[in-house]
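To start, the structure under review is shown below, and the notes come after it.
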Amino acid sequence: MRYKLPLLAFALCFTLLSHAASAAIQTLDFSVMRKGGEIGTHSLQINRNGDKTLVTIKTRVQVKFLFATVYSFSYDGTESWEKGKLVALSNTSNDNGEKHTVSVKRLDGKLTLTTDGKSSELPDDIMPSSWW
């Protein structure tokens, strides 16, 4: 009986540590360059936990001429993956005033794409071009 308690405590600690080790967050930050100068940023946060992966993407670009902004671009998105398959995707972008929303959801083994309010079905094995 006196050996069971330390063994149980060791097993519990090992289980908690192995679970913590299976969850990993990776952050990647990039500069967006134009003619040698930085005009923006592109950031990815990749959160892996077992078979699940959640990716958060944020991009900001701004081109100025003198003191005025002549071009701007923003992008905010998330992607959910499970066992290497896309489960959901949601993003919004503003390309110099032209706004777009895109979402993808997996339901009953099918992917449904909704772009600016219009829906269609996608092939099951499609890969988004988010470059992470």
Residues which pass side chain to side chain contact (heavy atoms under 4.5 Å, CB included) with [X], listed by chain and number, not counting sequence neighbours:
X: Ser43; result: Asp29
X: Thr56; result: Gln45, Thr78
X: Asp108; result: none
X: Ser120; result: Leu113

Completion exercise
Only one of Thr53, Val104, Leu89, Leu54 passes side chain to side chain contact (heavy atoms under 4.5 Å, CB included) with Glu79, and that residue is Leu89
Going by the rule side chain to side chain donor-acceptor pair (under 3.5 Å), which residues pair with [X] if we only count those two or more places apart in sequence or in a different chain?
X: Asp51; value: none
X: Thr92; value: none
X: Thr59; value: His42
X: Glu121; value: none

Exercise for the section: Mark yes or no for whether Asn47, through its side chain, and Ile25, through its backbone, hold a donor-acceptor pair below 3.5 Å. Expected result: no
Handout entry: Side-chain (Asp116) to main-chain (Thr101) donor-acceptor, under 3.5 angstrom
Key = yes
Hey, are the side chains of [X] and [Y] touching, using non-hydrogen atoms and a 4.5 Å cut-off?
X: Leu44; Y: Phe30; result: yes
X: Ile46; Y: Leu28; result: yes
X: Thr41; Y: Val32; result: no
X: Tyr75; Y: Asn91; result: yes

Heavy-atom closest pair, residues [X] and [Y]:
X: Thr114; Y: Ser119; answer: OG1-OG, 3.0 Å
X: Asn94; Y: Gly97; answer: OD1-N, 2.7 Å
X: Leu111; Y: Pro123; answer: CD1-O, 3.6 Å

Exercise for the section: Enter the distance from Ser74:OG to Arg60:CZ here, rounded to the nearest 0.5 Å. Expected result: 5.0 Å
Exercise for the section: Supply the atom-to-atom distance Asn96 CG to Tyr71 OH, rounded to the nearest 0.5 angstrom. Expected result: 6.0 Å
Answer yes if [X] and [Y] sit in the same cluster of Ile, Leu, Val, Met, Phe, Trp and Tyr residues linked by side chain heavy atoms under 4.5 Å apart, and no otherwise.
X: Val61; Y: Phe65; result: yes
X: Trp81; Y: Leu122; result: yes
X: Ile39; Y: Phe73; result: yes

Handout entry: Pair listing, side-chain hydrogen bond (donor to acceptor under 3.5 Å, both in side chains) test, anchored in residues 31-40, at least two apart
Key = Ser31-Glu38
Exercise for the section: Could you note down all residue pairs passing salt bridge (charged side-chain N to carboxylate O under 4.0 Å, His left out) where residues 83-107 supplies at least one of them, sequence neighbours left out? Expected result: Lys85-Asp124, Arg106-Asp124
